[in-house]
Each structure stands twice: as structure tokens, then as C-alpha cells.
Amino acid sequence: MEQAQSCVETAPDSALHYLSLLKDSIGCEPEETQMYYHLLTIKAEDKLYTRHTSDSLINLIVKFYDEHGDKNKLIEAYYYQGSVYRDLHDAPSALDAFREVISRSKELSAADKKQSADLMARTYNQMGTLFAYQGLYDESLQANRESVNCYLAQGKENKIFYALRDIARMYDAKHQKDSALHYYQKAYRTALSTHSPHKAYIIWGELGSFYYYSLGKADSAKQMLITALNHQPDMANALLVLGDVYRGEARWDSACYYLHQAIEYGDIQKQHSAYRHLSSIEIQKHNYPQATTYLRQAQLLADSIKEITRTEAITKINSLYNYQHIQKENYTFLLDNEKKSTFLWILGCISVVIMGVAISVYFHYKKKVQNTRLQMHKLSKLKEEQEAKSMKAHEENICKIKELEQKLVEQEGEITEKETLLKAQKEELEQAKALQNLLLAQKEELEAKNKEIIACLKNKKFYKTPCVRLPSIIFSIRHVPRQTAK
């Protein structure tokens, strides 16, 4: 077991081999040895990216170390409990376990904290990944920054490039391209400077994808992807993106080559994307039978992806339900314990409480009576003021009514006087009109007589008659006054 312990960090496959040699005899060892054996086994499998399928064993390990007080091993057990829940798609429980790592590490001595600093950095990185899967980009950024700070505090700059890359991914998801580019480049430079070319070119390939899809710089992206694949030819994502770049340039042969390589090395999602790109190429080439074949392959993979997604969603829902159920049970258990622990204290304090309540009631009643009296006095005073205001307003209203009535009488008198004057003017106008009509009649009569006189003169009937008054008559006719209506 000591050999497994010594190489589990650097050679987990060798550690797993040494542990497998103890599989038959470990049952005879003390419980503490058995628990540490199981913890080392889970640790080695986790470092080999072996998917955990059950939380039963890790929960027993956590419970054992929690009861027996080995704080360093308890913190490590909590970390791998979080890793197990992560593989089981139970993000809430995984985050709870990782938070326990951070919380419990604060109880360690300075020497133990220094020893567990690397575990703390990995814990923050795991939390950042879980936050990212749930779309909590700001929380993921914060967790990854904490991871970087933990590594830098140890002087382990050679371990920060993946955290820097994850920060870049979060900024890309938040559409902050400048910040994403900065952290991608920083992650790449850090990996190169710490003599990790393999990891540096993995980041370089991802940066090429960022250049193509986020920045739209196809030429730069192509050069980056080709460089990355020259050093790491089995990077499925870089192969897929480079194939898509050549597809955009209508270089069908190169595109098909890299897309087929992506199908060979990639997972089901990348295979699905590659088949869809291949089908679009065949449609452009008018090779419809081959395009149909690729589309069928893409559809089959899409169905498989949907099934996997549905299964994962159901698992997440079940995990969330179980988490809530466990939280409810824990809360009920804590509530029961709290009730039991406080029952005796309540019995001892009940007399004091009753007396305090009685005194409080008395003073409250006394204060209430005083407040009531004060309020009654205020209400009485307010009522008197309101009555005085109402009386004054009433008198003012009566005065205003009288003034309005006086003005109304005066206005009625003025109206009557004006009506009388108007009536007199009307009668005077009618009289003037009658006089005018009379004068017009007289004028017409005199004009008629003048016409007759003139006719007689023309007929010389009046030669024998003296004509002394004729001119005066004519003059009088011509000067009859004409009355006009007023």
C-alpha cells in the first residue's frame, strides 16, 4: 500500500496495480486500513478518468473519517466524494462536498494547510467546471480565479494553464471576446513556459477554434489548427474545426480528410457534427446519394445524443430530488435534535419567561392606557378645532351667499331697466317708421298732383287761369322733407 501511496499522484495506473494485489487480503486488515485502501483506489481511478458509478463506498469512507477525526484524510475523502457525485451528474451534492473541502481546510494547522493547498486548487477548479455546466458563468470565473491563486501561492505556475483556459471559456460564453482572447493566450504562454508543449498545443488548437467561430478570422485559425495538429494529430476538436474551415473555402478534399479524421478520433457529438459537414459538402458537389448517407449517419448519432441527454437529464432530476429529500431529512433530524437539546432549558426558564411576560403585559397595559388617554385628549382637542373651523366656514359661506343674492338682485334690476329702455327704443323706432311711411305717401300724392298740373300746362288748359301760385306749389313739392328711421 505504501508503494501505491507513493506513486498515486504521478503514476495512478501503477498505484492501481499495486492496490489490486491487495484486493484479496485487504478484508483481514483493520477498518482504518481498509478505508484508506478504498480511498486510494478511488483516487487512482479518478486520476485515470475512470467514471464512478456509485456513491456508496465513498460515503462510507467520509463517514469513517468524520467519526475518527483524521482531518487531512477527511478533506481528501470529501474531495473524491464531490468527484463521484460529479460523475453521477449530481451537481448539488458535488458542490456541497467541494464546499466541505474548503470549509474543513480552514480548521487545519498552517503546515497542513500548506500540504492541502494543491487539493484546494483542484477543488476550486472542479467547482468552476460544475458552475459552468449549470450556466453560472460568473461563479465559474470566481472559482477558477481562486484555483489560480492557490497554485500561485504554492509557486506552481506550471498547473494554472487549465484554470486560465477555463476562465477564457467563461469569457467566451459571456461574449467578452477581448478578455477570452487574453486568457487563452496567457494559458498558452504559461503552458509553453512551464515546458508542457503537449498541453500548450491542446490550448493552441482550442484558440484556433475561438479565432474561427468567435473572431471570424479563418486564415489565422487555420494556421493555428495546422500547427496544433502537427504536434498533436489526434485532437478531434481541432480536426473538426479545420475541416469546417476548408469546407468554408470550398476545398472539399481537405475538408473531407479532416472531417473523417474527426470521426475517427472524436466522441459522438463531434462525429455528429462531422457527418453534417460532410453531407453539406456532398450537396454542394451534387452527390446526393452520398449526402443522404451522411445525413442518415448524422441522424442516427443525433438520436443517440438525444437519448444520452435524456438519460442524463433524468439522472440530474433524480439526483436533485434525492438531494432535496436528503436535505429535508437532514433538516428534520437537526430540528429534532435541537428540540431535544432545548427542551430541558425551556423547562428551566419557563417560570422566568412567565414572570417576564406578566411584567411585560402589565407595563404594556399601563402604557396602552396612557396612550389611550392621550389619544382621547388629542381627539377631543382636534374635534373642537374642527367644530370651530366648521362654524367659521359656515358663517363665511352665509355671508358669501348674501353677497351673491344682493348681486343677483342688482343684476335683475339692471336687466329690467335695460329691457324697459329697449322696449321704449323699439316703440320710438316703430313710430319713426310709421312717420316715414306717411311722408312717403304724401310725397307720392304730391308727385301725382304735380304730374297732373304739368299735364294740364302742356294741354294749355290753364292759360286763362292766373298762374301766380304755381311756382310756390312746385317748390313746396320739391322740398318735402324726407324722414329717416332712427
Side-chain angles (χ1 to χ4, degrees), residues 49-51 87 89 129 132-135 165-166 168-170 172-173 175 177 180-181 184 198-199 201-316:
Y49 302 101
T50 302
R51 193 174 192 82
D87 287 352
H89 305 291
T129 302
Y133 285 153
Q134 297 176 82
R165 179 205 60 187
D166 292 341
R169 287 176 175 177
M170 294 305 99
D172 188 20
H175 305 290
K177 297 178 182 179
L181 179 60
Y184 269 128
H198 171 73
K199 295 172 182 176
Y201 286 110
I202 291 176
I203 296 171
W204 193 247
E206 188 168 334
L207 182 58
S209 176
F210 172 78
Y211 261 82
Y212 184 61
Y213 290 117
S214 296
L215 301 182
K217 297 181 178 180
D219 293 336
S220 299
K222 182 166 62 175
Q223 294 302 320
M224 291 178 179
L225 293 166
I226 291 172
T227 302
L229 289 171
N230 287 337
H231 292 83
Q232 190 71 25
D234 59 348
M235 285 192 296
N237 186 66
L239 291 166
L240 178 64
V241 177
L242 186 56
D244 197 18
V245 172
Y246 282 124
R247 183 177 70 91
E249 295 177 349
R251 295 175 61 178
W252 311 131
D253 292 340
S254 297
C256 290
Y257 170 78
Y258 285 107
L259 291 173
H260 281 293
Q261 290 290 302
I263 291 171
E264 181 179 353
Y265 294 110
D267 56 20
I268 187 170
Q269 283 86 1
K270 292 180 178 59
Q271 290 174 357
H272 171 257
S273 299
Y275 276 120
R276 290 189 64 85
H277 292 332
L278 286 169
S279 67
S280 69
I281 290 172
E282 296 302 329
I283 289 171
Q284 293 290 328
K285 293 164 64 176
H286 303 291
N287 188 2
Y288 299 113
Q290 188 62 44
T292 303
T293 301
Y294 287 140
L295 279 174
R296 286 174 181 169
Q297 290 290 338
Q299 187 59 47
L300 289 174
L301 292 170
D303 293 340
S304 300
I305 292 170
K306 287 180 181 178
E307 182 63 26
I308 293 169
T309 304
R310 187 179 70 85
T311 303
E312 289 180 352
I314 292 172
T315 304
K316 287 180 181 179

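- Under the ring pair (Phe, Tyr, Trp, His ring centres under 6.0 Å) criterion, Y184 pairs with F210, sequence neighbours left out.
- Rounded to the nearest 0.5 Å, atoms NZ (K306) and CD (Q299) are 6.0 Å apart.
- Note that CZ of R165 is 8.0 Å distant from CD1 of I202, once rounded to the nearest 0.5 Å.
- No side-chain heavy atom of Q271 sits less than 4.5 Å from a side-chain heavy atom of Q297.
- Side-chain N or O atoms of N230 include one that pairs as donor or acceptor with a backbone N or O of I226 at under 3.5 Å.
- Ring-plane geometry between Y294 and Y275 is classed as tilted, the angle between the planes lying from 30 to 60 degrees on a 0 to 90 degree scale.
- The SG atom of C256 sits 12.5 Å away from the CZ atom of R251 when rounded to the nearest 0.5 Å.
- At distances below 3.5 Å, not a single donor-acceptor pair connects side-chain atoms of S209 with backbone N or O atoms of G205.
- Among all heavy-atom pairs drawn from A274 and I263, the shortest one is CB-CG1, 3.5 Å.
- Side-chain contact between L242 and Y212: absent, with no pair of heavy atoms (C-beta onward) separated by less than 4.5 Å.
- A salt bridge (Lys or Arg N to Asp or Glu O under 4.0 Å) check over residues 215-237, counting only residues at least two apart or in different chains, returns the pairs K222-E249.
- Summarising the geometry of M235 relative to L229, their closest heavy-atom pair is O-CD2, 3.9 Å, with the distance given to 0.1 Å.
- Evaluation of the side chain to side chain donor-acceptor pair (under 3.5 Å) rule for D87 yields no partner, not counting sequence neighbours.
- For H260, the ring pair (Phe, Tyr, Trp, His ring centres under 6.0 Å) criterion is met by no residue, not counting sequence neighbours.
- Here the rule is side chain to side chain contact (heavy atoms under 4.5 Å, CB included) with Y258, and of V245, V241, L239, L225 only L239 fits it.
- Across every non-hydrogen atom of G208 and A221, the tightest pair is O-CB, 3.2 Å.
- Side chains of H272 and I268 form no contact here, defined as non-hydrogen atoms less than 4.5 Å apart.
- In terms of heavy-atom proximity, A236 sits nearest to G266 at CB-CA, 3.3 Å.
- With values rounded to the nearest 0.5 angstrom, L300 atom CG is found 11.0 Å from L295 atom CG.
- Shortest non-hydrogen contact noted between M224 and Y211 is CE-CE1, 3.2 Å.
- Contacts of T50 classified as side chain to side chain contact (heavy atoms under 4.5 Å, CB included), with partners at least two apart in sequence or in another chain: E45, L48.
- Within the structure, the salt bridge (Lys or Arg N to Asp or Glu O under 4.0 Å) test picks out the following pairs touching residues 261-278 (sequence neighbours left out): D267-K270.
- Side-chain atoms of K177 never come within 3.5 Å of backbone atoms of L215 as a donor-acceptor pair (strictly under, hydrogens ignored).
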query = Passes side-chain contact (heavy atoms from CB on, under 4.5 Å), T227 versus H231? Steps please.
reply = CA-CA 7 Å; T227 302; H231 292 83; 4.3 Å; yes

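- Between the NZ atom in K285 and the CH2 atom in W252 there is a gap of 8.5 Å [rounded to 0.5 Å].
- Between D172 and R169 there is no salt bridge, since none of the side-chain N atoms of the basic residue sits less than 4.0 Å from a carboxylate O of the acidic one.
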